[in-house]
Structure formats: C-alpha cells, structure tokens
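On a predicted model such as this, the values are computed, not experimentally measured, just so you know.
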There are 2 protein chains.
Amino acid sequence: MEESQLLRGVLEGCVLAIIARGETYGYEILTELTDSGFEGLMEGTLYPILTRLEKKGLISCRKEKSPYGPIRKYFSVTEAGAAYLASFRESYRRISVSADTILNREAESK
Amino acid sequence: MEESQLLRGVLEGCVLAIIARGETYGYEILTELTDSGFEGLMEGTLYPILTRLEKKGLISCRKEKSPYGPIRKYFSVTEAGAAYLASFRESYRRISVSADTILNREAESK
DNA sequence: TTTACTACTTTGCGTCACCAAGTAGCGTGG
DNA sequence: CCACGCTACTTGGTGACGCAAAGTAGTAAA
C-alpha cells in the first residue's frame, strides 16, 4: 500500500499529541489511534515510535502494574516534547496547506 | 529535518496532480512545487519521482527540444495515472482527517 | 571563455512504517 | 490444570523514499 508512506512522521506527531493530553500507555494509545481512523496500525509500528520518542527525550516513562496483564509503561511529555509538538504542528500545517493547494486546484487553463 | 518524513508519499501525489493539470516537464514542475510552498525541494528528489511514476505506468513521456537548454521530457498522466490520483486524493484526505482529529483536539478531561 | 540559467541523471545514506514472531501476566471455561 | 483469549511490550528484517552531492550538458549573455 502507498498509505504507509503517507503516515511517515505523521504517526510520531499524533502519538506525541495523544500523550500530551494526559499520561497514558502503549496499548491505550494503540486503541485510541485505531479508533481515530488509523485502522490497520500494528503494535510493531507503535512501540518503536515510543522508544524513539523516549530516546529523544520528548517523553518520560514510569512503570506500573496492570490489573489485567503485564506491567504497563506510562508515558508523559517532557518540556522538550511539548516544544517539539508545537513545532511539529506548525510543520504539519504548512505542508498540508501546500499539498491541499496543489491537490484541490481545479484543472484550470494552466 | 523531520520535515522530510512528512513529505513522504505526499510529493508523489502532488507531482501527479500537477501533471494532471496539463502536460509539463520536470524543471517546470520543480518551480511550481517550490512556488506552492515546498521550498527546499531538490532536483535529486523530484526526478526520481518522475522516473518512478513512469515506471509504474502512471505517466507517459515525450521528448522535445528546449529553446533554453537541454532536451525536455514532457509528461502527461495515463488513464491508470488518473485513477491512481483519485485514490491517492481519497487516502490523503482520510489520513489528514484522522491526523487533524488527534492534533487539533484540545486537552480535554480525557 | 567564463558565468549563469536551464534540464536531467546517479549514488549513497538515513529514517521509519510494516510484517512476523516472540515473551509474558492475567482471567475464564472445560 | 491447561488451553484459550485478552492485555502489554519487544525484536529483527525489509522496503520505500526524500535528501545531499555531484555530475553531464545545452543555450546565451558578459
């Protein structure tokens, strides 16, 4: 599918935005993403994103037992993460404006 | 830059959309893209896209002399290309709706 | 003939979504 | 008690594609 290419980078920003709404953990993020329209998303896609975000210092991690399964890793955004998210939103907006301009332009006289 | 990741796949669709407006060639597409907001775009990025689109049979190519420089390769979309463009627009819209939902959601009670 | 603009090509690189498989804690039904 | 299903995180390999950098080449003006 060509779809996977369109998700590049977008996913990372979305994950950060979800965590920014309140401390949460991987599995919950996954269901939230699939509910929001990212339907085919696999665990093998999400968890590396979380690892990456943590490694970049954009989110921090806290472990806590789950009543239903293995240990959960709760994430929350750091200051750097909040700043990054803001700049991400701006980049995303700018690019989508450009793309919309081109994609939605009618076939004019040229 | 993280920007380059956000361009993934988007560029290919935009290039196709530009060609769909009327037969054109690489260098002109490049200036059109940079004018539309894709400012840092390099030739080494665009031309491989054109090669790929042609190899997939989404565009066809015709050579013609330029009054100002080397030979130009004029491209136009094929039937398959038009169909692909339509499905691309739909994919793009669906994904950007999902992303907007997440990115523009206020920090609610959760 | 040097500079500048037009115009296309090629190579190597790094990022990241995807797939597949694996590990593991917990609860329920047979 | 053990197989199943849900929760929850991990890992390794693959492939797509944007980017930087350099090269080739035609035209025309300085």
**Request:** Check whether any side-chain N or O of B:Thr45 sits under 4.0 Å from OP1 or OP2 of D:dC19, and answer yes or no.
**Result:** yes
**Complete:** DNA chain C nearest-nucleotide lookup for B:Gly69 and A:Glu12: closer to the 5′ end is B:Gly69
**Asked** How about B:Glu64: does its CD atom have over 12 heavy atoms from other parts shown lying under 6.0 Å from it?
**Response** yes
**Asked** Would you say B:Arg72 reaches C:dA7's phosphate, i.e. side-chain N/O to OP1/OP2 under 4.0 Å?
**Response** yes
**Asked** Could you state the NZ-C1' distance from A:Lys63 to D:dC9, rounded to the nearest angstrom?
**Response** 10 Å
**Item:** B:Tyr47 vs C:dC8: side-chain N/O to OP1/OP2 distance below 4.0 Å
**Value:** yes
**Message:** Does D:dT7 have OP1 or OP2 under 4.0 Å away from a side-chain N or O of A:Tyr27?
**Reply:** yes
**Message:** Under 4.0 Å, heavy atoms only, any strand: does B:Gly44 hit a base, just the sugar-phosphate, or nothing?
**Reply:** base
**Request:** Please test B:Leu50 against B:Ile29 for side chain to side chain contact (heavy atoms under 4.5 Å, CB included), starting from the C-alpha separation and ending with a verdict.
**Result:** CA-CA 10 Å; B:Leu50 292 170; B:Ile29 295 171; 4.0 Å; yes
**Item:** Presence of A:Ser4 side-chain N/O under 4.0 Å of C:dC18 phosphate oxygens OP1/OP2
**Value:** no
**Asked** Under 4.0 angstrom, heavy atoms only, what part of the nucleic acid is B:Leu30 near: base, sugar-phosphate, or nothing?
**Response** nothing
**Request:** Could you tell me the separation between the CG atom of B:Leu11 and the C1' atom of D:dA16, rounded to a whole number of Å?
**Result:** 13 Å
**Prompt:** What is the nucleic acid contact for A:Leu50, judged by heavy atoms within less than 4.0 Å: base, sugar-phosphate only, or nothing?
**Reply:** nothing
**Asked** Which of the following nucleotides, C:dC19, D:dC9, D:dC19, is nearest to the side chain of A:Lys73?
**Response** D:dC9
**N/O (side chain, B:Ser66) to phosphate O (OP1/OP2, C:dA7) under 4.0 Å** = yes
**Request:** Round to the nearest Å and state the distance from A:Lys55 atom NZ to D:dT11 atom C1'.
**Result:** 12 Å
**Request:** Please confirm whether the backbone N or O of B:Leu58 pairs with a side-chain atom of B:Thr78, one donor and one acceptor, at under 3.5 Å?
**Result:** yes
**Asked** Which comes earlier along DNA chain D counting from the 5' end, the contact point of B:Ile71 or that of A:Pro70, where each point is its nearest nucleotide?
**Response** A:Pro70
**Asked** Roughly, in whole Å, what's the span from CD in B:Glu43 to P in D:dA20?
**Response** 12 Å
**Under-3.5 Å donor-acceptor pair between B:Arg8 side chain and C:dA17 base** = no
**Asked** Do A:Glu28 and A:Arg72 meet the salt-bridge criterion of a basic N to acidic O distance under 4.0 Å?
**Response** no
**Request:** Check the distance between D:dC17's C1' and B:Leu53's CG and give it to me in whole angstrom.
**Result:** 12 Å
**Message:** From CD of B:Glu3 over to P of D:dC17, roughly how many Å is that when rounded to an integer?
**Reply:** 20 Å
**Prompt:** More than 12 foreign heavy atoms under 6.0 Å from CZ of A:Arg93: is that the case here?
**Reply:** no
**Message:** What I'd like to find out is whether the side chain of A:Asp100 reaches to under 4.5 Å of the side chain of B:Tyr92, using heavy atoms alone.
**Reply:** yes
**Message:** Taking 4.0 Å as the cut-off, does a side-chain nitrogen or oxygen of A:Tyr68 come that near to OP1 or OP2 on D:dC6?
**Reply:** no
**Request:** Round to a whole Å and report the spacing from NZ of A:Lys65 to P of D:dC9.
**Result:** 16 Å
**Asked** Nearest-Å distance, CD (B:Glu64) to P (C:dA7)?
**Response** 11 Å
**Prompt:** Which part of the nucleic acid, if any, lies within reach of B:Gly9 when heavy atoms closer than 4.0 Å are counted: base, sugar-phosphate only, or nothing?
**Reply:** sugar-phosphate
